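Below you'll find the structure, written out as structure tokens, and then a few comments.
Hydrogens, waters and symmetry mates play no part in the numbers below; they use all other heavy atoms, side chains included. Keep in mind that this is a model prediction, so the values were computed, not measured.
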Amino acid sequence: MEEHLINNVLLGLLMMTGFAIVRMRSLLAVTMLTSIYSLLSASLFVVLDAVDVALTEAAIGAGISTILMLATVALTTDEEKAPRHKPLLPLFVVVATGAALIYGTLDMPHYGDPMAPIHLHVAPTYLHVTPEEIGVPNVVTSVLASFRGYDTLGEVTVIFTAGAGVLALLGYRTRRRNSQNPEIRKMVVLRVITKLFFPLILLFALYVQFHGDYGPGGGFQAGVIFATGFILYALAYGLGNVQRIIPYRTLRIMMVAGVLIYIGVGIESMLLGGKFLEYRILADDPVTGQHLGIMLIELGVGITVAAVILIIYYGFVSRQHQEPPEDT
Amino acid sequence: MYIVVSIVILIAIAAGLLRAFLGPTLYDRVLAVNMVGTLTVLIVAVLGFMTERPEFLDIALVYVLISFVSTIAVLRVYAHRNTEAAGGTTGPGDK
Amino acid sequence: MHDVMHGVLGLYNYWIVIILMMTGFYTVIARPNLVKKIIGLFIFQTSVFILFISMAKIEGGTAPIISEGARIYSNPLVKALASTPIRYPTS
């Protein structure tokens with residue numbers, strides 16, 4: 001009952017935030033409202049028992065997507081132009097689509113109904129089989145990495161392709177080491193806090209990476225948290241210094257290496273006489289094999305995600321400073 | 001007991017949202033985002049204990065660690081703008 | 001009367017999701033600014049996740065991480081679907 005109340009209030013707040021985002025013109029303000037929107041939706045995901053999704057949303061929404069949007073806004077203008085004419089046609093399209101969709105929901109099973117078709121098909125099997133065959137408490141991880149390993153391989157490839165696409169579109173230029181803004185040198189609090197938090201964030205990323213079998217987390221989330229740590233460092237100490245820790249060349253290798261680790265696990269299991277990505281062959285004991293396989297592919301996912309996000313960030317920020325000042 | 005706590009937190013989130021909607025300056029919005037971030041940490045923690053799965057504090061920890069990064073990014077973009085404009089044109093905070 | 005209330009509460013999540021979806025859709029089709037369009041897509045995407053996850057929730061269930069004492073778990077499959085996509089706002 002309490003959960004219902006929190007769920008309904010959070011949904012109401014989300015709706016209000018959504019309307020405000022549409023109405024506002026200042027893009028900086030909109031970016032910040034988007035950050036709030038993502039915070040609220042992450043709380044909603046926790047209420048709805050989707051802790052892994054909440055962790056993803058926490059890692060991406062609160063950090064990366066806001067930062068990338070800000071980088072975009074910094075490259076373009078802050079103010080959105082007023083529309084030239086009344087948006088009557090879009091409004092009509094939207095209301096009509098919405099009405100049709102709402103009509104469609106009338107036949108749907110109610111929220112929380114245990115007899116809904118979605119709960120009767122494969123989900124009980126996953127829940128039932130996971131403890132014995134996979135031995136991993138987090139069923140989401142076992143579905144993601146083992147039962148549906150092919151899908152996740154597809155996802156990783158998509159992320160890899162996105163990274164390659166950004167690389168092709170934005171290009172890249174290495175920065176000199178001391179190319180940081182002199183204003184930032186004066187921000188002592190920021191620099192000290194960053195020094196304090198940077199190792200903690202990296203440590204926590206490793207925790208999320210390797211504890212993903214037992215609690216919420218996994219490669220995707222860990223990769224994002226890892227990249228966020230480096231972005232924080234870049235914000236406080238300048239991009240040039242981060243590139244001394246992780247140079248651009250390393251990132252390109254990492255981006256490929258993650259996908260290759262994933263595929264390599266699949267090929268290894270084929271060489272041992274199983275099917276592609278059949279982890280139980282990997283060790284003498286099937287459950288140990290599953291553990292090993294899941295750990296390795298999660299590692300691959302984490303490496304690729306972290307590298308791609310850092311590449312996107314490098315691409316945006318190195319471009320930001322190339323622009324001649326008279327353009328803005 | 002948890003329900004009372006969560007209602008109070010939700011009211012506080014609503015208040016923070018109101019400030020983010022109304023503005024009027026950039027700093028109001030930055031503070032509102034920060035406040036909603038902190039309150040989200042709290043509500044996730046409370047939810048973890050309410051559903052008797054306190055291990056979900058992990059999510060709250062992620063927020064604690066990285067939610068301030070975006071705030072820093074906002075302020076850096078703003079500072080960058082101001083140094084470039086050299087006090088000439090109107091910044092986002094002047095509306 | 002009680003039935004109507006029950007129906008409204010049972011479908012409330014879906015309705016809000018549809019309103020959010022349409023908010024995002026409107027932003028995408030009606031606003032010329034590219035950043036705004038991407039934010040519209042972001043709202044749309046989140047609303048789709050909320051739709052999936054609302055359908056996966058079971059009354060009285062808990063997150064699908066096997067532990068002592070918990071007996072009913074919500075549907076793990078859709079969570080695996082929803083937790084993988086990573087956004088890349090490249091405009």
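- Taking the side chain as every heavy atom from C-beta outward, D52(A) and F220(A) never approach each other to under 4.5 Å.
- Under the 4.5 Å side-chain criterion, counting only non-hydrogen atoms from C-beta, F49(C) is not in contact with T56(A).
- Using a 4.5 Å cut-off between heavy atoms, L27(A) touches chain C through its side chain atoms alone.
- Within the 3.5 Å criterion, the main-chain N or O of G212(A) finds a donor-acceptor partner in the side chain of N138(A).
- With a threshold of 4.5 angstrom between heavy atoms, M24(A) approaches chain C through N, CA, C or O but not through any side-chain atom.
- Here the side chains of F25(C) and F44(C) are in contact, with some heavy-atom distance below 4.5 Å.
- At a 4.5 Å heavy-atom cutoff, the contact between V47(A) and chain C is made by backbone atoms alone.
- I16(C) places none of its side-chain heavy atoms less than 4.5 Å from the side chain of L14(A).
- When the side chain to side chain donor-acceptor pair (under 3.5 Å) test is applied to N7(A), the partners found at least two apart in sequence or on another chain are N13(C).
- Proximity to chain A is limited to the side chain of I18(C), based on heavy atoms less than 4.5 angstrom apart.
- For chain A, the nearby part of I39(C) is the side chain; its heavy atoms alone come within less than 4.5 Å.
- Both the backbone and the side chain of T34(A) come within contact range of chain C, with heavy atoms under 4.5 Å apart.
- Partners of F19(A) by ring pair (Phe, Tyr, Trp, His ring centres under 6.0 Å), not counting sequence neighbours: none found.
- Using a 4.5 Å cut-off between heavy atoms, P216(A) contacts chain C through both its backbone and its side chain.
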Going through the distances and angles, do T152(A) and L144(A) end up as a side chain to side chain contact (heavy atoms under 4.5 Å, CB included)?
CA-CA 6 Å; T152(A) 311; L144(A) 191 86; 3.8 Å; yes

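- Proximity to chain A (any heavy atom under 4.5 Å) is restricted, for T27(C), to the side chain, taken from C-beta onward.
- Neither the backbone nor the side chain of F147(A) comes within contact range of chain C, judged by heavy atoms closer than 4.5 Å.
- When heavy atoms are compared at a cutoff of 4.5 Å, L44(A) approaches chain C solely by way of its side chain, counted from C-beta outward.
- For chain C, the option among V308(A), V136(A), T141(A), L91(A) with the highest count of heavy-atom pairs below 4.5 Å is L91(A).
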